[in-house]
*Asks:* 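Below you will find the structure I want to go over with you.
Below, all heavy atoms of this structure are taken into account, side chains as well, without hydrogens, waters or symmetry copies. As the structure lists them, so they are numbered: ligands from 1, and atoms in each ligand from 1. Each residue takes its place number in the sequence, starting with 1.
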Amino acid sequence: MNLQIGVIGTGAIGQDHIRRLTQTLSGAKVIAVNDINPQRAHDTISTYQLDATAHEDPHALITDPRVQAVLVTSWGPTHEAFVLAAIAQGKPVFCEKPLAETAAGCMRIVNAEQSAGRRLVQVGFMRQYDKGYNALRNTLRGGEIGDALMLHCAHRNPSVGEAYTTPMAIVDTLIHELDVLRWLLDDDYISAQVVYPRKSRHAHSGLADPQIVLLETTRGARIDVEVFVNCQYGYDIQCTVVGESGTASLPEPASVLLRSNARSSKHILTDWKERFIDAYDIELQDFINGVQGRGLNGPTAWDGYAAALAADACVLAQTSGKVEPIAMPPRPAFYTPR
Ligand code: NAI
Ligand code: ISE
């Protein structure tokens, strides 16, 4: 029996998830969609030839008795209300990052989910499903390079539009590192600082780009993440861990080594959709399987909270110029990994 899914937000990633639900994954069917732009919802139904209802009201989609699980892929500021409404209906909900705009908003979701008494929320932190990050994590756990001392990371996008703001470098972009690095190290952050190199001439007038975010963890690891969203040349994600007796780096995506025209070269991806395509597939299949079987197992509302708490400190640090503390409370037993 297919899991009957309702999707709120049929923009870039909403459509990409609908494509994978209808063409790649198994065990689910999109039976309802909603977008604040109704034409986009209707166009999505015809593009993917869905046998689905276009709800005008997102809350009508959530309460539709035929909808068994909800996918929230609308703009970040709308996520909290939709996730809380799904929890109130007892319906599992996959929510794209950010889980909520602030740590306080994420905590409201954490509290609602705990009151519901079972895991209902999975956050779209797909890097936890990426083969490369998993290989890196297994290497660290294997102990070959000893304890992690330093991490050097980069999150580079080719370009962003005029609507992209300086805080978005944190809440929209760095948020992936804030999640995946604490998962990689099995550690939490205690402080954040942001420093600004010389600004790129490709950044629009209101945007500070690039930025360097400096994080410290409870076990004393130091992390630098370069966020550079107008790097021009590609979508490039880097992560090197320096341990006590060696270094370990995130593998590059597979690509043919070309020797041609007196050059040796490799293709660099330009799009996040392609860079993490397998991870997106696996995360959503895991959500479907979790709802239909053993329960949800993926990134939790607590992970959403932890990333948001760190993001709040980074956004503060962007303007204060100071090292901002991050006071992460102990993880509730409800969120102990299975
Ligand atoms: P988008 O702007 O392409 O699509 C968002 C859609 O949501 C639009 O069609 C918009 O009309 C709709 N929408 C906005 N408010 C709504 C509301 N109140 N009710 C119903 N529909 C509403 O944006 P995009 O790139 O698809 O991003 C959506 C979310 O997914 C964001 O939170 C973003 O951070 C996240 N995202 C996650 C990625 C990942 O790597 N995990 C990659 C890209 C986006
Ligand atoms: C976008 O929203 C994503 O989530 C992408 O993964 C990220 O690389 C990009 O910077 C964000 O804008």
*Asks:* Report the part of Ile8 (side chain from C-beta onward, or backbone N, CA, C, O) that has a heavy atom under 4.0 Å from ligand 1; answer both or neither where that applies.
*Replies:* side chain
*Asks:* For ligand 1, which atoms sit closer than 4.0 Å to a heavy atom of Asn34?
*Replies:* 19 (N), 20 (C)
*Asks:* Are any of the heavy atoms in Tyr235 under 4.0 Å away from ligand 2?
*Replies:* yes
*Asks:* Can you check which of Ile13, Leu99, Asp16, Ile36 brings a heavy atom nearest to atom 27 (O) of ligand 1?
*Replies:* Ile13
*Asks:* Is any side-chain heavy atom of Asp312 closer than 4.5 Å to one of Thr102?
*Replies:* yes
*Asks:* Which of these, Trp272, Trp75, Tyr280, Phe125, has its nearest heavy atom closest to atom 40 (O) of ligand 1?
*Replies:*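 Looking at heavy atoms only, the winner is Tyr280.
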*Asks:* Phe82 vs His59, test: ring-ring contact (aromatic ring centres under 6.0 Å, His included). Steps then yes/no.
*Replies:* CA-CA 8 Å; Phe82 295 147; His59 291 279; 5.6 Å; yes
*Asks:* Centre-to-centre under 6.0 Å for Phe94 and His17, is that the case here?
*Replies:* yes
*Asks:* Can you confirm whether the side chains of Ser200 and Asn230 place a donor and an acceptor under 3.5 Å from each other?
*Replies:* no
*Asks:* For Thr78, is at least one N or O under 3.5 Å away from an N or O on ligand 1?
*Replies:* no
*Asks:* Quick check: closest heavy atoms across Val67 and Ala32, and the distance to 0.1 Å?
*Replies:* CG2-CB, 3.9 Å
*Asks:* Could you tell me the residue and atom name of the protein heavy atom closest to atom 4 (O) of ligand 1, and the distance to it rounded to 0.1 Å?
*Replies:*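 Going by distance alone, atom 4 (O) of ligand 1 is nearest to Gly11 CA, 3.2 Å.
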*Asks:* Looking only at protein heavy atoms, identify the closest one to atom 6 (O) of ligand 2 and say how far it is in Å.
*Replies:* His176 NE2, 3.2 Å
*Asks:* Looking only at side chains, do Tyr129 and Asp286 share a donor and an acceptor under 3.5 Å apart?
*Replies:* yes
*Asks:* Under 4.0 Å from a heavy atom of Thr73: which atoms of ligand 1 are those, numbered in the order shown and with their elements?
*Replies:*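 Going through ligand 1 atom by atom, the ones under 4.0 Å from Thr73 are 5 (C), 28 (C).
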*Asks:* What atoms of ligand 2 come within less than 4.0 Å of a heavy atom belonging to Lys97?
*Replies:* 1 (C), 2 (O), 3 (C), 4 (O)
*Asks:* Would Glu96 count as being in polar contact with ligand 1, using the rule that some N or O on each side must be under 3.5 angstrom apart?
*Replies:*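 Such a contact does occur with ligand 1.
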*Asks:* Salt bridge between Asp179 and Lys97, side-chain N to carboxylate O under 4.0 Å?
*Replies:*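 No.
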*Asks:* Do any heavy atoms of Gln15 fall under 4.0 Å from ligand 1?
*Replies:*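 No, Gln15 has no heavy atom closer than 4.0 Å to ligand 1.
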*Asks:* Give me the ring orientation class for Trp302 and Tyr305: parallel if the planes are under 30° apart, tilted from 30 to 60°, perpendicular past 60°.
*Replies:*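 Trp302 vs Tyr305 ring planes: tilted.
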*Asks:* Looking only at protein heavy atoms, identify the closest one to atom 12 (O) of ligand 2 and say how far it is in Å.
*Replies:*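 The answer is Asp172 OD2, 2.6 Å.
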*Asks:* What residue and atom, counting heavy atoms only, is the protein's closest point to atom 3 (O) of ligand 1, and at what distance?
*Replies:* Ala12 N, 2.9 Å
*Asks:* Which residue and non-hydrogen atom of the protein lie closest to atom 10 (O) of ligand 2, and at what distance in Å?
*Replies:*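 Closest protein heavy atom to atom 10 (O) of ligand 2: Thr173 OG1, 2.8 Å.
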*Asks:* Students should be able to answer this: which protein heavy-atom is nearest to atom 34 (O) of ligand 1, and at what distance?
*Replies:*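 For this ligand atom, the closest protein heavy atom is Lys97 NZ, 2.9 Å.
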*Asks:* State if His176 counts as touching ligand 1 under the rule of any non-hydrogen atom under 4.0 Å.
*Replies:*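 It does, in that a heavy atom of His176 comes within the 4.0 Å cut-off of ligand 1.
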*Asks:* In ligand 1, which numbered atoms sit nearer than 4.0 Å to a non-hydrogen atom of Gly124?
*Replies:*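 Reading through ligand 1 atom by atom, the close ones are 41 (N).
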*Asks:* I need the atoms of ligand 1 closer than 4.0 Å to a non-hydrogen atom of Gly76, numbered in the order shown.
*Replies:* 32 (O)
*Asks:* Does any non-hydrogen side-chain atom of Phe125 lie less than 4.5 Å from one of Ile175?
*Replies:*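 A side-chain contact exists here, since the closest heavy-atom pair is under 4.5 Å.
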*Asks:* May I ask you to identify the nearest protein heavy atom to atom 8 (C) of ligand 1, giving residue, atom name and distance to one decimal place in Å?
*Replies:*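 Nearest protein contact, heavy atoms only, for atom 8 (C) of ligand 1 is Arg40 NH1, 3.2 Å.
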*Asks:* Give the residue and atom name of whichever protein heavy atom lies nearest to atom 29 (C) of ligand 1, and the separation in Å to one decimal.
*Replies:*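 So the nearest neighbour among protein heavy atoms is Ser74 O, 3.3 Å.
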*Asks:* With Asp303, which residues qualify under salt bridge (Lys or Arg N to Asp or Glu O under 4.0 Å), at least two apart?
*Replies:* Arg182
*Asks:* Do Ser264 and Leu257 come within less than 4.5 Å of each other through their side chains, counting heavy atoms only?
*Replies:*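 In contact.
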*Asks:* Could you pull out the closest heavy-atom pair between Leu185 and Ala221, with the gap in Å?
*Replies:* CD1-CB, 4.5 Å
*Asks:* Using every non-hydrogen atom in the two residues, find where Cys314 and Leu215 come nearest and quote the distance to one decimal.
*Replies:*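 Reported closest heavy-atom pair: SG-CD2, 4.2 Å.
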*Asks:* Short N/O distance, under 3.5 Å, between Pro98 and ligand 1?
*Replies:* no
*Asks:* Suppose I only count heavy atoms of Asn157 and a 4.0 Å limit; which atoms of ligand 2 are within that range?
*Replies:*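 Numbered from 1, ligand 2 contributes 8 (O), 9 (C), 10 (O).
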*Asks:* Counting each atom of ligand 1 from 1 as listed, which ones have a heavy atom of His79 under 4.0 Å away?
*Replies:* 32 (O)
*Asks:* Under the side-chain contact (heavy atoms from CB on, under 4.5 Å) test against Glu283, which residue among Gln128, Gln122, Arg127 passes?
*Replies:* Gln122
*Asks:* Within the structure, does Phe82 bring an N/O atom to less than 3.5 angstrom of an N/O atom in ligand 1?
*Replies:* no
*Asks:* Please write down residue, atom name and distance for the protein heavy atom closest to atom 7 (C) of ligand 2.
*Replies:*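 Result for atom 7 (C) of ligand 2: His155 NE2, 3.5 Å.
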*Asks:* Applying the side-chain contact (heavy atoms from CB on, under 4.5 Å) criterion to Leu21, which one of Val30, Leu50, Leu3 satisfies it?
*Replies:*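 That would be Val30.
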*Asks:* What residue and atom, counting heavy atoms only, is the protein's closest point to atom 10 (C) of ligand 1, and at what distance?
*Replies:*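 I find the closest protein heavy atom is Asp35 OD1, 3.4 Å.
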*Asks:* Without hydrogens or angle criteria, can the side chains of Glu252 and Gln238 be said to hold a donor-acceptor pair below 3.5 Å?
*Replies:* yes
*Asks:* What atoms of ligand 1 come closer than 4.0 angstrom to any heavy atom of Met126?
*Replies:*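 This gives 40 (O), 41 (N) as the contact atoms.
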*Asks:* Under a 4.0 angstrom heavy-atom cut-off, which atoms of ligand 1 come close to Asp172?
*Replies:* 34 (O)
*Asks:* Without hydrogens or angle criteria, can the side chains of Tyr164 and Thr173 be said to hold a donor-acceptor pair below 3.5 Å?
*Replies:*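 Their side chains do contain a donor-acceptor pair, which is all the 3.5 Å distance test asks for.
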